[in-house]
Amino acid sequence: MGVTGPIRVVVAKPGLDGHDRGAKVIARALRDAGMEVIYTGLHQTPEQIVYTAIQEDADAIGLSILSGAHNTLFAKVIELLKERDAEDIKVFGGGIIPEADIAPLKDLGVAEIFTPGATTASIVSWVNEHVRTPAEA
């Protein structure tokens, strides 16, 4: 069953972080690259984000976290996707995430982490290359 149409990405700001400029810049860059982007707005719970991703038949979830709660919030989103048998939805993220936390987040199942300074072009390129690769059996 081949996937057709544009890549669908939910861009979300989980938790209490109130700064969404970066998330909006990424959402616009992905949209400009031909993807369908669903931006959830501020203060979303992991449950709301996963629900939206499943309802929207998203290929990926992009989380923007500046609040320092990345370990908890990424883990919860990954856990909820597993519970709902939706592990085919790739999770990537960015924000203020210490280098020391990146490997443990990837071990949890986060596909990629973009730190401050990552270009929108590099994020668009990564999504295009990694989001629609068929899962290895």
Side-chain angles (χ1 to χ4, degrees):
M1 184 169 96
V3 182
T4 58
I7 294 173
R8 295 175 62 84
V9 182
V10 169
V11 174
K13 290 288 307 178
L16 301 176
D17 178 4
H19 300 278
D20 65 351
R21 200 171 120 235
K24 286 181 175 172
V25 168
I26 298 308
R28 188 170 305 115
L30 294 173
R31 195 172 291 130
D32 289 350
M35 297 176 206
E36 286 185 22
V37 178
I38 301 95
Y39 176 59
T40 63
L42 293 170
H43 311 304
Q44 295 290 295
T45 65
E47 289 79 5
Q48 289 169 315
I49 294 164
V50 168
Y51 177 81
T52 299
I54 291 169
Q55 289 302 110
E56 295 287 347
D57 198 23
D59 298 300
I61 298 172
L63 298 175
S64 169
I65 304 175
L66 307 173
S67 64
H70 48 271
N71 290 328
T72 310
L73 293 168
F74 276 116
K76 187 66 178 168
V77 167
I78 297 280
E79 177 189 317
L80 291 166
L81 287 170
K82 284 181 181 161
E83 281 175 16
R84 287 162 179 74
D85 203 22
E87 293 172 85
D88 56 323
I89 300 175
K90 290 241 168 88
V91 177
F92 66 96
I96 310 294
I97 297 172
E99 190 68 37
D101 290 346
I102 293 175
L105 287 170
K106 287 187 173 183
D107 289 344
L108 276 177
V110 178
E112 188 60 87
I113 298 289
F114 296 96
T115 51
T119 64
T120 54
S122 69
I123 296 169
V124 166
S125 172
W126 182 88
V127 171
N128 275 322
E129 289 172 31
H130 294 92
V131 166
R132 283 250 179 103
T133 52
E136 284 76 32

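Not measured: the values here are computed from a predicted model.
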Quiz item: Is it the case that one hydrophobic cluster holds both Leu42 and Val10, taking links as side-chain heavy atoms less than 4.5 Å apart, direct or via other members?
Solution: no
Quiz item: Side-chain contact, heavy-atom cut-off 4.5 Å: Asp32 with Val124?
Solution: no
Quiz item: When you look at CG of Asp85, are more than 12 heavy atoms from neighbouring residues, nucleotides or ligands closer to it than 6.0 Å?
Solution: no
Quiz item: Considering all heavy atoms of both residues, which atom of His70 and which atom of Asp101 are nearest to each other, and what is their separation?
Solution: NE2-OD2, 2.7 Å
Quiz prompt | Main-chain N/O of Ala111 paired with Lys90 side-chain donor or acceptor, under 3.5 Å | solution = no
Self-check item: Salt bridge Lys82-Glu79, side-chain N to carboxylate O under 4.0 Å
Solution: no
Exercise. Return yes when atom CZ of Arg84 has more than 12 non-hydrogen atoms of other residues, nucleotides or ligands closer than 6.0 Å, and no otherwise.
Key: yes
Self-check item: Closest contact, heavy atoms only, Val9 versus Met35
Solution: CG2-SD, 4.2 Å
Quiz prompt | Heavy-atom pair with the smallest gap, counting every atom of Gly95 and Pro116 | solution = O-CD, 3.1 Å
Self-check item: Heavy atoms of other groups near Glu99 CD, more than 12 under 6.0 Å
Solution: no
Quiz prompt | Steps toward side chain to side chain contact (heavy atoms under 4.5 Å, CB included) verdict (Ile102, Thr115) | solution = CA-CA 9 Å; Ile102 293 175; Thr115 51; 3.8 Å; yes
Quiz prompt | Parallel, tilted or perpendicular: ring planes of Phe92 versus Trp126, cut at 30 and 60 degrees | solution = tilted
Exercise. Decide whether Leu63 and Ile123 are clustered together by the hydrophobic rule: side chain heavy atoms of Ile, Leu, Val, Met, Phe, Trp, Tyr closer than 4.5 Å, transitively.
Key: no
Exercise. Would you check if the side chain of Thr52 reaches a backbone N or O of Gln48 as a donor-acceptor pair within less than 3.5 Å?
Key: yes
Quiz prompt | Close side-chain approach of Ile113 to Phe74, heavy-atom, < 4.5 Å | solution = yes
Quiz item: Just one of Ile61, Val77, Ile65 clears the side chain to side chain contact (heavy atoms under 4.5 Å, CB included) bar with Pro14, so which one?
Solution: Ile65
Exercise. Locate the shortest heavy-atom distance separating Gly34 from Pro6; write the atom from each residue and the value.
Key: O-CB, 3.2 Å
Self-check item: Joint hydrophobic cluster, Val131 plus Ile49, side-chain heavy atoms closer than 4.5 Å
Solution: no
Quiz item: Shortest non-hydrogen contact from Pro46 to Leu73?
Solution: CG-CD2, 3.9 Å
Self-check item: Atom NE2 of His19: over 12 foreign heavy atoms under 6.0 Å
Solution: no
Quiz item: Quick check: does any side chain N or O of Lys13 sit under 3.5 Å from a backbone N or O of Gly18, one acting as donor and the other as acceptor?
Solution: no
Quiz item: Of all heavy-atom pairs between Leu80 and Glu47, which one has the smallest distance, and what is that distance?
Solution: CD1-N, 3.6 Å
